[in-house]
Amino acid sequence: MLSKLNPQQREAVRHVSSPLLVLAGAGSGKTGVITNKIAWLIRERGMQPRKITAVTFTNKAAREMRSRVKGLLSGVSSRGLTISTFHTLGLNILRKEYAALDYKAGFSIIDQSDALVILRELMRSEMTSDNKFPEHVLGRISNWKNAFLLPDPITAVMAEGDPVSQAAARIYPAYERQLHACNALDLDDLISKPGVMMKNNPEILDRWRQQINYLLVDEYQDTNTAQYELVKMLVGARGNLTVVGDDDQSIYAWRGAEAENLSQLSEDFHDLNVIKLEQNYRSMGRILKAANQVIDNNPHTFKKALWSELGYGDPIQILEAKNEQHEAEKVVASIMQHRFQKGLSYDNYAILYRGNHQARVFEKILREQRIPYFISGGLSFFDRTEVKDVMAYLRLVANHDDDSAFLRIVNTPRRGIGPGTLEKLGKYATEKGISMFAATSHLALDSRIAGAQLASLRQFCHWIVSTADDITSTDMKLAIQQLLDQVSYPDWVRSNAEDEAQAERRLKNIKELLDWLTVDDDEEEEKTLSDCVARLVLRGILDRNNDEQDGDEVSLMTIHAAKGLEFPHVYVVGMEEGLLPHRSSIDEDNIEEERRLFYVAITRAQYGLTLSLARVRQRYGETLDCDPSRFLEELPVDDLDWQALGRKISTEEKMSQGNAALDQIRAILG
């Protein structure tokens, strides 16, 4: 089973005598190590699949691992095996242990937009002209949760902090109370609350240690404090742990990730074994030489150097342009010329950038040249109006105390319940410390809200309760379809669509959502509506901006979004001081993470790598001079083909460019 692995990979698969850190460089086959180890533990060590848990950071990675393990086991059952994201693992724990947190069954998970609605209401008296203030406060609270910091000590510690910290410290306790009143959790709670709960309840911790006999963690460099503490607690003294990571690819400090967690392992697990995977199966030697030379400028706890047997490859191209428009023209022309010369399809090419705003000019030039492209980070399926509406109905049926869901659909379609009525209801609910749904049944509410509006509210809530009973006693998918028909939601979609085609697309999205709702990778146990809704909400949060390319298109995406992907030919654009490295990182003296980001960009390329920069660029309405990125100076000079401005073009290049242009004209003409 392990014959296709190299010696270091085989050693990593077979090592079970102590905790193991697999230091896996880019393209070194780390997923193969994890999946082969899971299959080996089941097939060769006789470990029960239900006793093994593997965690990673994206649903896509978890699905790929699950599929590969099933293929490796070839007929041996993997029933009960857990391969999931960290957040799904936390959700599984909370589904069984919610009572220890004084929560009720069927709790909701809210996304960032719902969390901001709650925060804005709590901060109404503190709102400033800075419309980003609530987002900054939510980010600070998120960081505290990721660091295992609870509201009480935060309030004391941050009293003298900066304005955002002061506001966040005041709001944090109220925010937690409001979530509890709504029987809701935010995304960070799925990691922090299981950890806090296990610290305070040894019997719960022991129960989960018994359930997880072996734990494997992917992308360990991306873990935050709460995730690391959860791993340590679950593993305990047994040390049945394999983590795979690469400190050179730690690029998420802005969301709490701590690359130091890799080095911390050797302090917390004294018998830790370290195995390095340095053979790269993705990139040509010249690309790896450049990546190694750049990243060597960062300090390292663990040293490694990537190498490849794929050959040395072509020089790294550097395109120098007058401005961002000229940069986009040169990059697109280079793609057209290379495609003509090599006879490749467009999906062989990717344009990577530091910030989403850089994509606009490339989109413009690609459209002008009739070149198909895919841009990552567009509107997510789960952000579509009809999908959010249906999810709000399901969330409220599953958890009547979900205020965010209540507010979204109480008057969708129209029921004559206006904003004035909802404002009075919200004020009453806040005074009583209960949800808006629960407040509708209070007799005292009669003195606050007029009879007709109150009757509409109570009729709606009564219908939600009866619908919840129907869904638990009948076929779930059929009952949900009946729910939507009862409120005439399909008619509402049609009446609000621009045309019939748009209406049909939206109704198709609803059908796809219901199909997802009733399909689950884990067939071990029957799921309630609240279980299914919670998993689907979590999928929507984690899968945002992770739409996959479909077709022969040039890929455009940020370097962050490209992590984990690979492309035959990569263009990294905007290689200037202030863009890469980003000006905020320069100001905060955080160049090491920016260098790691550039390293990630380089190692996405398999065969060809091109870097581009502009002499001047429009920023903040001004035309500013640009300095080349300091990272360009860290590349091996002998491996570069620097095409400076004013360089004379050879006759051969002119002919190639002309032929590429003719080829493009032929394509346009069909």
* Take V217 and L241 through the side-chain contact (heavy atoms from CB on, under 4.5 Å) test and state the conclusion after the steps. => CA-CA 8 Å; V217 185; L241 173 69; 4.2 Å; yes
* To do: Assess whether salt bridge (charged side-chain N to carboxylate O under 4.0 Å, His left out) is satisfied between D189 and K145, documenting all intermediate values.
  => CA-CA 7 Å; D189 288 331; K145 288 188 177 187; 2.8 Å; yes
* **Residues I287, V570; criterion side-chain contact (heavy atoms from CB on, under 4.5 Å); working and verdict** => CA-CA 11 Å; I287 292 170; V570 168; over 6 Å; no
* Please step through salt bridge (charged side-chain N to carboxylate O under 4.0 Å, His left out) for the pair E634 and R630, ending with a clear verdict. => CA-CA 7 Å; E634 298 173 358; R630 68 191 69 188; over 6 Å; no
* **Donor-acceptor under 3.5 Å (N297 side chain, V294 main chain)** => yes
* Asked: Residues two or more places apart in sequence or in another chain: which of them pass salt bridge (Lys or Arg N to Asp or Glu O under 4.0 Å) with E11?
  -> none
* S308 to L288 - nearest heavy-atom pair and separation -> CB-CD1, 3.4 Å
* Asked: Which heavy atom in Q606 sits nearest to a heavy atom in E566, and how many Å separate them?
  -> NE2-OE2, 3.4 Å
* Asked: Taking it one step at a time, do E44 and R14 satisfy salt bridge (charged side-chain N to carboxylate O under 4.0 Å, His left out)?
  -> CA-CA 10 Å; E44 304 298 328; R14 290 173 174 155; over 6 Å; no
* Asked: Which atom names give the shortest non-hydrogen contact between M65 and D218, and what distance separates them?
  -> CE-OD2, 3.2 Å
* Is there a donor-acceptor pair under 3.5 Å between the side chain of N240 and the backbone N or O of N213? -> yes
* Asked: Should the pair H569 and Y607 be assigned to parallel (<30°), tilted (30 to 60°) or perpendicular (>60°) ring geometry?
  -> tilted
* Asked: Which pair of non-hydrogen atoms, one from A534 and one from I109, has the smallest distance, and what is that distance?
  -> O-CD1, 3.6 Å
* To do: Check for a donor-acceptor pair, side chain of R596 on one end and backbone N or O of N298 on the other, with a separation under 3.5 Å.
  => no
* Compute the centroid of each ring, for F57 and then for F86, and state whether the two points are separated by less than 6.0 Å. => yes
* Determine yes or no for a side-chain-to-main-chain donor-acceptor pair under 3.5 angstrom, with Q249 supplying the side chain and V600 the backbone. => no
* To do: Grab the two heavy atoms, one from Q210 and one from K51, that are nearest each other, plus how far apart they are.
  => O-NZ, 2.8 Å
* Structure fact -> So CE of M47 and CD1 of I38: to nearest 0.5 Å the spacing works out to 11.0 Å
* Asked: Would you say the side-chain atoms of S250 pair up with the backbone N or O of D247, donor to acceptor, closer than 3.5 Å?
  -> no
* Asked: Within the distance-only criterion (no hydrogens, no angle test), does the side chain of K37 pair as donor or acceptor with the backbone N or O of A12 below 3.5 angstrom?
  -> yes
* Asked: Does CD belonging to E97 count more than 12 external heavy atoms closer than 6.0 Å?
  -> yes
* Would you confirm whether Q358, through its side chain, and G355, through its main-chain N or O, come within 3.5 Å as a donor-acceptor pair? => yes
* Asked: Just by distance, do the side chain of R95 and the backbone of D531 share a donor-acceptor pair under 3.5 Å?
  -> no
* Asked: In terms of heavy-atom contacts, does CZ of R45 have more than 12 from other residues, nucleotides or ligands at under 6.0 Å?
  -> no
* To do: Would you please test K30 and D246 for salt bridge (charged side-chain N to carboxylate O under 4.0 Å, His left out) and show each step?
  => CA-CA 10 Å; K30 66 181 179 62; D246 180 8; over 6 Å; no
* To do: Could I get the full list of side chain to side chain donor-acceptor pair (under 3.5 Å) partners for S263, not counting sequence neighbours?
  => none
* Counting distance only, does the side-chain N/O of D188 pair as donor-acceptor with the main-chain N or O of N143 below 3.5 Å? -> no
* **Reported CD-to-CD distance for the pair E594 and E577, which is rounded to 0.5 angstrom** => 10.0 Å
* Any side-chain donor near an acceptor of the partner, D268 and Y228, under 3.5 Å -> yes
* **side-chain contact (heavy atoms from CB on, under 4.5 Å) between F269 and L21, intermediate numbers included** => CA-CA 10 Å; F269 298 96; L21 165 60; over 6 Å; no
* To do: Look only at the side chain of H560 and the backbone of I251, and say whether a donor-acceptor pair between them is shorter than 3.5 Å.
  => yes
